[in-house]
Number of protein chains: 2
Amino acid sequence: MGKQSILLVDDEPDILDFIKYNLVKEGYIVHTATNGREGVALAKKVLPDLILLDVMMPEMDGVEACTEIREHKSLRQSIVAFLTARGEDYSQIAGFEAGADDYILKPIKPRVLLSRVQALLRRKKATGYVGGDYDGTGLMIDPDRYVVLHHGKELSLPKKEFELLSLLASQPGRVFSRENILASVWGTDVVVGDRTIDVHIRKLREKLGEQYFRTVKGVGYKFVG
Amino acid sequence: MGKQSILLVDDEPDILDFIKYNLVKEGYIVHTATNGREGVALAKKVLPDLILLDVMMPEMDGVEACTEIREHKSLRQSIVAFLTARGEDYSQIAGFEAGADDYILKPIKPRVLLSRVQALLRRKKATGYVGGDYDGTGLMIDPDRYVVLHHGKELSLPKKEFELLSLLASQPGRVFSRENILASVWGTDVVVGDRTIDVHIRKLREKLGEQYFRTVKGVGYKFVG
DNA sequence: TCTTGGGTTAACGGCATGTGAACTGTGGTT
DNA sequence: AACCACAGTTCACATGCCGTTAACCCAAGA
């Protein structure tokens, strides 16, 4: 699979930069927001693998944000962890009630942060993106080797195609909007033309077969298992 | 939280084994039964987090089983999902009013199964309670996949029809004025002719049946549940 | 009977998507 | 440096679905 994406939400620019620096250095794609509302909005766009939420924030705090995130169907696959200062015990409880998967204590130590993040994402990888497992579709996606097994034949796809396929196939049946796809595969900042996604979809259809990819007009694309 | 438990009820041993294998591999505790009666009995014992019920079974079918389960206070917390074959005769599933939370179409694809199971359990974990997408009419609307399950059959509707249906069905019984509908589905700025809504309603009536949509003359339309 | 509101059908046309080819940049090879 | 292969994007044009409209019908009430 491609890099995994993390959404980092904290109102203090210093902390934001510090954490982002450490995560980027490890090869994660990091999106940032400075308050809960912004964070939730961005999350809906990029569908990150992991969301790190500061608890204390202006506008909308972490717990509220988490609640909203958990109510959003498309974000059910995302893992949520709180960043919480030592001694804010109540926040842990409220946090878990809101549906968080973990919490990480401030002050942040890079080593600790990374190992926790890795652990959380490993857990997701096990069930989330792709199991390297035959699933009856004749398709096997091997994120480690960047290779797709199609009815026993090994296909190596270019990066973008592979990532697009991985995204769609991560939740068969679910429709991904063009916006979602752009944000996940291309990134929020990159701007590409309207037809780019289509062309990549077409290449995948050529290589794997029409039957896997369904167009939902006006909405997006979905992978059918 | 410890491992989550799943009760799997299906009369075909092959399918049972196949699904069990995939769930166990992901770390779930899986109990199995081969007919509805057995399933209900076992459910009362183990109080599983999630119950997967095949619809077609000897002795006691999935719908009956689901009804019994829903009547049992100790099983209120359990999520129930049907396993239903694509295109299964509608009369068999007419009893969908039994209170299921979700449905999963056969043939089962491991990855689809897992992501759905994961989503359902995550939702349970987050809220402790799952309010089904189910509204007691034989209709289930799935905005994630942009499909409607109508008595066991998957229907994919065009965008406008889907949104109109979603709106009306969101509050069964409530009358939506034409003005309401226009504002919600088309947007406040867009101006369309008088007959446009009617035409869409008609298409929905064609596809789903007259009985769901009632005209309230001079006022608007409502969805009847 | 006239009016008002909704139902029905077919046909039109726009727009989202499909498609083939050209263009650009990059990395590797000789 | 010249060349090549390939990924990624864009462009121009084709296509077909979907949304809308228009014209007409029917029913109910004034």
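Letters go in sequence order (proteins before strands), and every chain restarts at 1.
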- Query: With B/Ser170, which residues qualify under side-chain hydrogen bond (donor to acceptor under 3.5 Å, both in side chains), at least two apart?
  - Reply: none
- Query: Going 5' to 3' along DNA chain C, which nucleotides are the first and last within contact of chain B (any atom under 4.0 Å from a heavy atom)?
  - Reply: C/dG5 to C/dT9
- Task: For A/Leu149, check side-chain contact (heavy atoms from CB on, under 4.5 Å) against everything at least two apart and list the hits.
- Result: A/Met140, A/Glu154
- Hits for side-chain hydrogen bond (donor to acceptor under 3.5 Å, both in side chains) against B/Arg195, two or more places apart or cross-chain, chain-then-number order -> B/Asp198
- Output all residues satisfying side-chain hydrogen bond (donor to acceptor under 3.5 Å, both in side chains) with A/Glu64, sequence neighbours left out; order by chain, then residue number. none
- Task: For B/Asp144, check side-chain contact (heavy atoms from CB on, under 4.5 Å) against everything at least two apart and list the hits.
- Result: A/Lys73, A/Arg174, B/Asp142
- Message: Categorize B/Phe213 for me: base, sugar-phosphate, or nothing, with a 4.0 angstrom heavy-atom threshold over every strand shown.
- Response: nothing
- Ignoring backbone atoms, test whether B/Trp186 places a side-chain nitrogen or oxygen under 4.0 Å from the OP1 or OP2 oxygen of D/dT20. yes
- Message: Among residues at least two apart in sequence or on other chains, which ones pass side-chain hydrogen bond (donor to acceptor under 3.5 Å, both in side chains) with A/Glu206?
- Response: A/Arg202
- Message: Within residues 195-205 of chain B, which residues have any heavy atom lying less than 4.0 Å from an atom of DNA chain C?
- Response: B/Arg195, B/Asp198, B/Val199, B/Arg202, B/Arg205
- Item | Whole angstrom value for the distance that separates P of D/dC26 from NZ of B/Lys217 | 14 Å
- Note on the structure: Sorted by chain and residue number, the side-chain contact (heavy atoms from CB on, under 4.5 Å) partners of A/Arg205 (sequence neighbours excluded) come out as A/Ile201, A/Glu210, A/Phe213, A/Thr215, A/Tyr221
Hey, can you pull the donor-acceptor pairs under 3.5 Å for the side chains in residues 22-34 of chain A, sequence neighbours left out?
residue, atom, partner, partner atom, Å
A/Asn22, ND2, A/Phe18, O, 2.8
A/Thr34, OG1, A/Glu38, OE1, 3.3

- Item | Plane angle bin for B/Tyr212 and B/His150 - parallel if under 30°, tilted between 30 and 60°, otherwise perpendicular | perpendicular
- Item | Residues forming a ring-ring contact (aromatic ring centres under 6.0 Å, His included) with B/Tyr146, sequence neighbours excluded | B/Phe162
- Pull out every residue in residues 155-166 of chain B that has a heavy atom closer than 4.0 Å to any atom of DNA chain D, ordered by number, or say none. B/Pro158, B/Lys159, B/Lys160
